[in-house]
Student: 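Got a structure for you, written out below as structure tokens; questions coming shortly.
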Amino acid sequence: MKESDADTKLRDRDLYPPPTVDVASFGGRRRVGKVDLGLKRREWVILAIVSVLGAFIRLWRLSYPTSVVFDEVHFGGFASKYIRQRFFMDVHPPLAKLLITLAAFIGGFDGNFDFKDIGKDYLGPKVPYVIMRFFPAVLGLALIPISFLTLLALRLSLATAILGSLLITFENALIAQSRLILLDSFLVFFTALTMYFWVRFANLDAEGRAFTRPWWRYLTLVGLGLGATLSCKWVGLFTIATVGLGTLRQLWLLLGNLKVTPRMLFRHFAARAMCLIVVPIIFYMFMFQIHFWILNQSGEGDGFMSSEFQHTLQGHGMEDTYADVGFGSIVSIRHVHTQGGYLHSHPHAYPGGSQQQQITLYPHRDDNNLWRITNGSSVDDAQYDWDTLPFDYVLTGSKIRLEHTSTFKRLHSHDVRPPVSDVEFQNEVSGYGYEGFAGDANDDFIVEIAPKTRGKRDRQARHRLRTLRSEFRLRHALSGCYLFSHKVKLPDWGFEQQEVTCNKNPTWENSLWYIETNTHPQLAFDAEKVNYQRPSFFEKFFELQAVMWRTNAGLTDRHAYDSRPQHWPWLRRGINFWVHDHRQVYLVGNPVVWWTSTLAIALYVGVRGLLILRAKRGYRDLYAPKTAFYDETCAFLLMSWGLHYLPFFLMQRQLFLHHYLPALYFAVLLLCTVFDYITSRLRPRTRVQIAAVLLILVIWSYNHFSPLTYARPWTRGKCERAKWLKTWDFSCADFHENMSQYKHSAIAQTSAKVGSNDGLGHDFTTTMVEEAPEPIKNVFEDPNAPPEEKTIAPVGPQNEVPMQASTYIAHPPVQPVSGDAPIPEDLRNPVGLDAGAPEVTDAAEDQGGWHGGAEDPEGHPIPPPAGVAGGVRAEKILNDHAEPARAPVGAQVAEVPELELDREAMQLAEEALRADEEGQ
Amino acid sequence: MSLARKRKTERTESSPLPAHTQQSSEDEKRRPFKPLPPPPSLRAERFQSLITATALFVGAFALRFWRISHPDQVVFDEVHFGAFAGQYLRREYYFDVHPPLAKMLNGLAGYLVGFDGEFGFDSIGDSYTDHKVPYIGMRSFCAIMGSITVPIVYAIMRESGYPIGIALFSAWLVMFDNGHITQTRLILLDAALVLFMALSLYCYVKFHQQRYREFSTSWWFWLVATGASLACTLGCKMVGLFTFASIGVAVLWDLWMIMDIKKGHPMSYVWKHFWYRVVGLVVIPFIIYLSFFWIHFKILIYSGPGDTFMSPAFQETLQGNELLLNAQEIRYFDTVTIKHKDTKAFLHSHEANYPLRYDDGRISSQGQQVTCYPHNDTNNHWQILPTREIPETGRGRVVRQNDVIQLLHVGSNTILLTHDVASPLMPTNQEFTTVSKEDEPNRHNDTLFQVQIIDAHEGEAWKSLAGHFKLVHIPTKVNLWTHPTHLPEWAFGQQEVNGNKSPNDKSNAWFVNDIISDGTGRDFKNRTAVVEQKQIKTRSFIKKFVELQILMLQHNAGLTSEHPYASSPVEWPFCLSGISFWTDGKTNQQIYMIGNLIGWWICAVSVSVFIGILGADMLARRRGLDPIEDGIRNRMYRNTGFFCGTWAFHYFPFYLMARQRFLHHYLPAHLASALIAGSVLNFILVETVNYPISVAGQATRLRPMVRAKLNDKALAVLMGLLFTVVGIWAYTAPFTYGLTLTETQVSARKLLSTWTLHFEAKEN
């Protein structure tokens, strides 16, 4: 509420004419915002020298490592997918990846390299990886002049600007990150560029040159910069927040200036809203438009998207299907909310629970997804010949049964806990019955059509089932639970398909289903047909945003090298990028830069806090012009730093050290400002000398860690001595004892590794005595693989359900059981004395367990002979027993031969049971 | 509101006092303070106010006690908190994530009404009458606390300077709130929590009134009272920390104002204020908070269901504890079973080898599998072999801290080892396997393990049950570790065991579950000549407190499992979904905890109106307009702002919590929002506030008194609001009290489609 004198000054600036000469007050140089960059000749020369130096630092030996490093796995992979135009899903917006693709395209990359593993060789397949790395490296290089210009634009001294740009030049983490095909170089570049434009804009604005052409130019550039930053990574939102807060402050000052008319105020507001909100949004959306234009073919990202979205991709088309659904229709039913797919069943039984046939969700089209809707209200519908009965609509409230066309089981639910979600409010859903079986009341489901239809408004589809239009819930008639599925996978025995249950208290969206395909023999050839409605760009855009958001929030797995935000400012640990040939790339910052910048932040915060307290006690040191000037600059940079750093504390997802890099940039600028203030009273020569001392320290430590940055040879001893903090976990054991060994390393390496490949090389294992945090080197791996598999994908389709393409054949392809020998049951039992294992005992106990529905008339009797009366009943019980209790995976065992029992066999079984009963 | 109107006003009581700054300290001889005798109108008002407060208490009492005996069954979390009360009466140790005060009060209530603690409160719906539990008395205790809350809300508003009608309105929102009623007439913690939280606010407001009479007795009284109520709030639930934060920020603001140079106080004076507040609001509350735990430990002296949460040293302080009774010293050549502390599975091995190649292409050593297995089995037996010379007999055979041992798997006669090969599931961790006795000399180093007993001194004997230990591999320094991930078929789905590289991981802890046999085959139970009588150990209170406190915080964060009635904080202010506490299918009765819909919406709207007024006022003043009279603005910022801060502190932190969150977590914030609702209503209807409300000090310049009065129109609006609230209360009361409703009645009372009620009429 209260404004400082500096604010007042800024606010009233437009009253005074802008100064015509450079004001060398406050130690810094005051510059008039000219149209050009406002540099003198000397400054241009220095800028050129620094940039050339930076080019050496950033581009030196760019071609090494010659294999895939760290997240090149993902970002290189995305480039190849762009080139092949296969749709993929990633949590980051497309701009940076498009630029990488552009570089790859220029380099003539054909997309036939998959970047699958860290350490995969580039040279053999002739991947133009140097050009792909060149692009980010150049942007990393551009960061150096930008920091120089920004510091000058902040009206700090030339010495400070040189210092700042060189600090950025020799920052190992920035170097390592920009030399590889990674996104952070793009992100940091655009962030820095945007902030440079913003500083220039703010200078013009404060000088009262609002609405002049340069003012407009820089304002628009800020907007474009924000759009570009946001289009690289969502972290760009922090930059938007920074600029937003700065804008709010400007508007607040204007608001307090009573000489500014409301009309003028509105113009200021509208210009900023236009350039800082509308422009970035359009830019961002345009990037996605390009993304959609390029990726027009079906690919591995399909599974994340809705069916409508998939329908727009080539290779995912679906033929038109009949619109009207009636009793007797053969339909495939899809789950609305998850991407689990179609209601599915296959001739395998649940290993526990009722041990009846599995019901799952399966994502691919398949004949096992087909169900026939029959009328549950008629008594013996099983005998109906649905192909000849007149067509009758399924309305909301209709009682239906779903009959699985290939196994003749009916969708069934009863009071048994489901296999995975074993909770009180969920019931198991199974397939139950056989051909000709009249069914029981637990097969009845009631259709409840949701008021909102899919796609366009379709009034009819709200009260009768229509393909692809009606969304409906299925309520189990007896227990009132709803057919439900959620992102829970069944174990191996369910082929990792998604679980389907009947939930008494389901969430709305997870209990919604719709019909995707529909045929009915009674429908004429030219009856009304429908298909998915093609979504507009905006629908696709918003859908993709939502999916990206969910996927991003879901990345909560731990990674071997992840870290938490509180560890970043003091550089607790780095990231192991790549280890090979006794060299490694390890992302670690330049500790001198890192620690002094953190110190500068702490110093400023401490001093500022003290000054506030002093101000309350009547001291006016905060209002001295010089202090006020530096305070304003520092406060701005501190705010930028805080907004690029603190929000990470709220994120639960995996975080890495490189997420700190944008914040580090601001911390370095703040360090420079603090330096400028501390040395402001000294002569320029002394100032340069102090800067030089600091720089020597920085360059020394840069050089010290450069083997980790550029993957250069190093010795184990030097490496051990370089572990300034115990928590730095680069593995020194991977380096040679002395440098001369690197000359012979090629031969030594192959022979040693071949020898170790036989799986018995225990003698190698004890050669390494490691410290606790060091990663294990698995000596049993093949020699070309990287020493450890640490690339837990931070991106990419993790929750896609991996499974075979079809389960139609009873023998699942993932289990290629060799020849005639089925997996013997005993193998599944623990060896030796494990007889108490739950999978054994439980199965044995449950074997006879007919758990039936609670309301089943003949539900309770467990011993089969007790209540057997009719043929159908006998069949039913027999059938229940026939379901194999164990080994659902061994497909041979899981077959249900009893289903094929003919009448005679049924009678025989019945007699046997009777005999049993009489015998008792 | 009349934004344009500007009234010439005097400075209010809370403005800086220039007069005071002029007085030198010598002048400050304490003149006896003479309050003016209250004018007759004021006396009448006070009387009226007292009557209202009493009426509110009686009303709240009636609302909470009506049909308190129904249902005579365990309802919702009575399962837990009733059971805890029983634990106090049986004096058996239990563990819970909440601090003990509220539960001890429930226990006290049980004690007063003669409950013997012999009822388990096992599941919702268990009958009280069948088990002769005096539940009415226990519920009454909570209901009384809930009833006291209502007049306290009234008092907060009155002391903040609002007229009777407005204060009544705030209290009314709490009194006729279905949520508060439901929650406070059952054996739960929230009645105590909300009471103490309201009391903290009240004490702070009273303390603030004394600010011109600093360091006087009444100043000290209210300071300490604030601290004490804060401690009690925190003693009920960790939510009390939010109350601490609300009042802490207000106190810091006060200090900031005192520090202002324009007030003219020397720094020494500011420090005095600061340290006195530290004493009153930090030191004393902390001591009180500690005392709750002291009593807690004094009562719970017997072993009970909470034992296993605690460390062995703690467990040995409890009478009848299994550790105390069964812990044995372990000697070399004993055969033992070893259990992982977190997953409660035995270290296991069997005659099956690791497959040569795993699914991801990595290759194993093909050694014998070492796994964890939850069931008792002879393959869990391991014999402890020495690695140094040990004497034939005597105490030299006892295994001690930091001894290096080998473990022999008895079933297969092989020795445990780990080596530098990646484990089946985690490439970062080492594989564990065994080696036969013949090959052992080649691999001797890899079979050496050091026993590191947690929190043990050098030379301490290793004991079964009591000695939690880490098994550290000598050459590679990895810890024996397991995690609840199951291996594939080839290991029969048993749990993976591997070598963990982080030495300080808490989940490295194992313990010896049982000694199976002695190496000599003799009776190992009595191998010491004299069987010593086991004594209960003592442990210092502070250690016990710290241990329990850390465990509480850890477990609180760990409550992340799904619950069908858990809800997200976004839904709370709008009452979007409630909690089903209890249902009875026979009579179609249910208790569904949901707020008074209109009441909560009034509160939610008031909060947004308040924020809107603040924003508009700031913008207007920035443009040189002054729409709100100074005195009213001051009250708006200081008082309503304080309430709003309290609301925010009791609400927004829940967004950051990953644990299960329920609607009843909003009740303290709802109370704060009811206070905001009152003051916003006052701003709209009355346009003035009572002042002065603070007690004048000797240097305070006395100003003419202003009393806010509701005019007829305002009264009419107020009455309308009050009746609406009562109407909604009555309409949804069947869910609160568990009355019988037909299905159509249930459906009609489902005011929002998001409420998940039972026994609704089926649509078809």
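Chain A is the first sequence line, chain B the second, and so forth, proteins listed ahead of strands; every chain is numbered from 1.
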Student: Should we count NZ of K452(A) as having more than 12 external heavy atoms under 6.0 Å?
Tutor: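 Check fails, neighbour count at 12 or below.
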Student: Which bit of L613(A) is near chain B, if near means a heavy-atom gap under 4.5 Å: side chain, backbone, both or neither?
Tutor: both
Student: What do you reckon, is CH2 of W253(B) surrounded by more than 12 foreign heavy atoms closer than 6.0 Å?
Tutor: no
Student: Where is the tightest heavy-atom contact between R617(A) and M259(B), given as atom of each residue plus distance?
Tutor: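 Heavy atoms only, the tightest pair is NH1-O, 2.6 Å.
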Student: More than 12 foreign heavy atoms under 6.0 Å from CH2 of W271(B): is that the case here?
Tutor: no
Student: Contact part of I612(A) toward chain B, heavy-atom cut-off under 4.5 Å: side chain, backbone, both or neither?
Tutor: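 Both parts, backbone and side chain.
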Student: In terms of heavy-atom contacts, does CZ of F759(B) have more than 12 from other residues, nucleotides or ligands at under 6.0 Å?
Tutor: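 Yes, enclosed.
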Student: Taking side chain as everything from C-beta outward and backbone as N, CA, C, O, which of these in V270(B) sits under 4.5 Å from a heavy atom of chain A? Side chain, backbone, both or neither.
Tutor: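 Side chain only.
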Student: Checking W490(B) against chain A: side chain, backbone, both or neither under 4.5 Å from a heavy atom?
Tutor: neither
Student: Going by heavy atoms in the side chains, are L253(A) and R622(B) under 4.5 Å from each other?
Tutor: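 Heavy-atom side-chain distance check passes, below 4.5 Å.
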Student: Assess whether atom OH of Y619(A) is packed by more than 12 heavy atoms of other residues, nucleotides or ligands within 6.0 Å.
Tutor: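 No, the 6.0 Å shell around OH holds no more than 12 heavy atoms from other groups.
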Student: Check salt bridge (Lys or Arg N to Asp or Glu O under 4.0 Å) between K504(A) and all other residues, then give those that pass, not counting sequence neighbours.
Tutor: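 Per chain and number, K504(A) pairs via salt bridge (Lys or Arg N to Asp or Glu O under 4.0 Å) with no residue.
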Student: My understanding is that only residues two or more places apart in sequence, or in another chain, count here; which of them pass salt bridge (Lys or Arg N to Asp or Glu O under 4.0 Å) with D444(A)?
Tutor: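 Here the qualifying residues are R401(A).
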Student: Do any N or O atoms from the side chain of R623(B) and from the backbone of G256(A) form a donor-acceptor pair under 3.5 angstrom?
Tutor: no
Student: Atom CH2 in W252(A), atom CG in L619(B): separation rounded to 0.5 Å?
Tutor: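 Going from the CH2 atom of W252(A) to the CG atom of L619(B) covers 5.5 Å.
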Student: Checking heavy atoms, do the side chain of P491(A), its backbone, both or neither come under 4.5 Å from chain B?
Tutor: neither
